[in-house]
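Report on the following structure.
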Amino acid sequence: MKIQVKIYDQVLKRVNKDIRNQLKQAVHDCADDLVRTSSETAPHDKGILEKSYAKEVIAASNQVTAKVDYSVKEGGFNYALAMHETNYRLGPGSLAKPGGYGMSGKHYPVGNQFLTRPLEGEAQTYEDHIERELHKALKGA
């Protein structure tokens, strides 16, 4: 007994496109969560730092990458970098902020490392989310 299956190139391209779109959306979900959580975790003085993020999701031929960046420059001084990397006492505005909660439900208090703490703390949750969404896409393909 012999069974022959032909899958036309157009069908494969469509399935591939649907899976790539689902992957891109899942990465967007994670990047959006990281932006929200890190913004809620960033120190607060005038509110400029929390709003200074840039988010970009790039879909290349074999990968999808997200980039989140904070930038507040005053002259030659990079305020965002200083607030992320150095130790300092929180001011009244920062102390009044509740901090952020990630996709996993973990809490991140306001302070330095406001971008990397949520990224590292949510990494497994982000990976699980992307995997679940890809699994859904493959089941529907």
Who passes side chain to side chain donor-acceptor pair (under 3.5 Å) against E133, sequence neighbours left out?
Q22, K136

Scanning both residues in full, the closest heavy-atom pair of Y88 with N112 reads OH-N, 3.2 Å

If hydrophobic clusters are built by linking Ile, Leu, Val, Met, Phe, Trp and Tyr wherever their side-chain heavy atoms come under 4.5 Å apart, do V68 and V72 end up in the same one?
yes

Residue pairs fulfilling side-chain hydrogen bond (donor to acceptor under 3.5 Å, both in side chains) with at least one residue in residues 65-78, sequence neighbours excluded:
S38-Y70

Tell me every residue that passes side-chain contact (heavy atoms from CB on, under 4.5 Å) with D128, counting only those two or more places apart in sequence or in another chain.
Q124, R132

For D33, what residues pass the salt bridge (Lys or Arg N to Asp or Glu O under 4.0 Å) criterion, not counting sequence neighbours?
R36

In the hydrophobic clustering that connects Ile, Leu, Val, Met, Phe, Trp and Tyr at side-chain heavy-atom distances below 4.5 Å, which members other than L81 occupy its cluster, ordered by chain and number?
none

What pairs with D29 under side chain to side chain donor-acceptor pair (under 3.5 Å), at least two apart in sequence or on another chain?
Q25, H129

What pairs with V27 under side-chain contact (heavy atoms from CB on, under 4.5 Å), at least two apart in sequence or on another chain?
L23, V57, V64, A66, I130

Please find the pair of heavy atoms, one from T41 and one from P118, that lie closest to each other, and give the distance.
OG1-CG, 4.3 Å

In short, ring pair (Phe, Tyr, Trp, His ring centres under 6.0 Å) pairs touching residues 26-55 with sequence neighbours left out are none

Test your reading of the model: is there a side-chain donor-acceptor pair from H107 to the backbone of P98, 3.5 Å cut-off?
yes

List in chain and number order the residues that pass side chain to side chain donor-acceptor pair (under 3.5 Å) with E131, two or more places apart in sequence or in another chain; answer none if no residue qualifies.
none

dist L115:CG -> T37:OG1 (nearest 0.5 Å) comes out at 10.5 Å

Spell out, yes or no, whether I48 and L95 are grouped together once hydrophobic residues are joined by side-chain heavy atoms under 4.5 Å, including indirect joins.
yes

Locate the shortest heavy-atom distance separating G102 from Y108; write the atom from each residue and the value.
N-CE1, 4.0 Å

Find out whether Y126 and L34 are in side-chain contact, i.e. whether some heavy atom of one side chain is under 4.5 Å from a heavy atom of the other.
yes

Kindly compute the distance separating NZ (K51) from OG (S39), expressed to the nearest 0.5 Å.
9.0 Å

Considering non-hydrogen atoms only, spot the tightest contact between A42 and V110 and give its length.
O-CG1, 3.7 Å

Name all pairs fulfilling the side-chain hydrogen bond (donor to acceptor under 3.5 Å, both in side chains) condition that reach into residues 91-106, sequence neighbours left out, sorted by first residue then second.
E50-K97, S104-E122

Counterpart residues, side-chain contact (heavy atoms from CB on, under 4.5 Å), relative to E120 (two or more places apart):
T116

Check side chain to side chain donor-acceptor pair (under 3.5 Å) between K24 and all other residues, then give those that pass, not counting sequence neighbours.
none

